[in-house]
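Here is the structure we will look at.
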Protein chains: 2
Amino acid sequence: MRIGELAARTGVSVRALRYYEEQRLLVPERTPSGQRVYPENAVDRVRMIQHLYAAGLPSRSIEPIMPCVASGEVTPELLERLRAEQRRIEERIDDLVRTRDRLDSMINAASVYEGRTCPR
Amino acid sequence: MRIGELAARTGVSVRALRYYEEQRLLVPERTPSGQRVYPENAVDRVRMIQHLYAAGLPSRSIEPIMPCVASGEVTPELLERLRAEQRRIEERIDDLVRTRDRLDSMINAASVYEGRTCPR
DNA sequence: CTTGCCTCTGACGTCAACGTGAGGTTTTAG
DNA sequence: CTAAAACCTCACGTTGACGTCAGAGGCAAG
């Protein structure tokens, strides 16, 4: 699969895929003429990368994880890293839940005043 | 309270507080000589701003919310905006939960191989 | 009164995750 | 064989939330 097809199938831009290679998150093979060639499972790897980005992980944190996503093999250090990132994600979740609840009580409190004008 | 004390009490930098003013998230009074003077409740407002930033809201989304946080009064449009942001936060939460679960199964699957070497 | 710390206003720098051309090559369709 | 579409490598631009430095003014203590 060439870069355009992978982009179409994952919904990310061609530029983003080249950026992932630059960050060594997803390094494709090359044809003799230099064109990138991705294997079938690259689709899943791109989706994984997107999810990790969405979880707030920077490239630097994703990079050491990805080579093992494919192989299924792992060192104890990497395992610890995975658990650490998982803890950070859970903290983010808790944080978001608290903010959501805060917004909730704001909305409830505000509803009392429905119809009044917000000074600005 | 002057800017240095507010920074110390909230843990955000002086630069950040000036930035919040630039974005009109927290506009202080001024002494005749031009120094910023914040009221006591600015501490809570700064924390609220931080929570909303942490929830992924940009300044533009926070700005129309803040003047009403203080007053407790609100327009129907603002109420809708609050609910919209709340929905977006819930989507982010769901996304994070899914990513956490994915990490979880990765960790479980990887634990099987504990002791093997990760090719690099 | 001056020393030292805090504050002020610009204004340029940073970092991440790409966007957006420029200018040239490769692959594919007819 | 040719033209269009896809691809390549630089390399500069963008956005958001600040960091950082320069140069100048304000203020309590000794």
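As the structure is a prediction and not an experimental result, all values here were calculated from the model. Here is how names work: the chains are called A, B, and so on, in the same order as the sequence lines, proteins then strands, and each is numbered from 1.
- The phosphate of C:dT9 (OP1 or OP2) has a side-chain N or O of B:Arg36 nearer than 4.0 angstrom.
- The backbone N or O of A:Leu57 lies less than 3.5 Å from no partner atom in the side chain of A:Ser61, so there is not a single donor-acceptor pair.
- No donor-acceptor distance shorter than 3.5 angstrom exists from the side chain of A:Arg24 to the backbone of A:Glu63, with no hydrogens or angles considered.
- Projected onto DNA chain D by closest heavy-atom contact, B:Gln23 and B:Arg15 fall at different nucleotides, the more 5' of which corresponds to B:Gln23.
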Test side-chain contact (heavy atoms from CB on, under 4.5 Å) applied to B:Ser59 and B:Tyr20, step by step
CA-CA 8 Å; B:Ser59 295; B:Tyr20 296 167; over 6 Å; no

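- Regarding contacts with the backbone of C:dC18, a side-chain N or O of A:Tyr20 is found under 4.0 angstrom from either OP1 or OP2.
- Using a 4.0 Å heavy-atom cutoff across all strands shown, A:Arg18 reaches at least one base atom of the nucleic acid.
- Under the side chain to side chain contact (heavy atoms under 4.5 Å, CB included) rule, B:Tyr38 has a single partner from B:Val43, B:Leu26, B:Val46, which is B:Leu26.
- Atoms CG (A:Leu6) and P (D:dC7) sit 10 Å apart, rounded to a whole Å.
- Of the candidates C:dC18, C:dT7, C:dA11, the closest approach to any side-chain atom of B:Ile3 belongs to C:dT7.
- At a threshold of 4.0 angstrom between heavy atoms, the contacts of B:Thr31 with the nucleic acid are absent.
- Between A:Arg2 atom CZ and C:dT25 atom P the separation is 17 Å, expressed in whole Å.
- Atom P of nucleotide C:dT9 and atom CD of B:Glu22 are separated by 11 Å, given to the nearest angstrom.
- To the nearest angstrom, P of C:dC8 lies 14 Å from CD of B:Glu29.
- Between the P atom of D:dC18 and the CD atom of B:Glu21 lies a distance of 15 Å, rounded to the nearest Å.
- Positionally, the nearest nucleotide of DNA chain C for A:Ser13 lies more toward the 5' end than for the other of A:Ser33 and A:Ser13.
- Residue whose closest nucleotide on DNA chain C sits further toward the 5' end, between A:Ala16 and B:Val37: B:Val37.
- In this structure, CD of A:Gln35 is placed 5 Å from P of C:dT27, rounded to the nearest angstrom.
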side-chain hydrogen bond (donor to acceptor under 3.5 Å, both in side chains) evaluation trace for A:Arg2 with A:Gln35:
CA-CA 8 Å; A:Arg2 291 190 304 172; A:Gln35 298 211 348; 3.0 Å; yes

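- Of the side-chain N and O atoms in A:Arg30, one or more sit less than 4.0 angstrom from OP1 or OP2 of D:dT9.
- What separates OH of B:Tyr19 from P of C:dG10 is a distance of 18 Å, to the nearest Å.
- B:Arg60 places its CZ atom 8 Å from the P atom of D:dA17, with the value rounded to the nearest Å.
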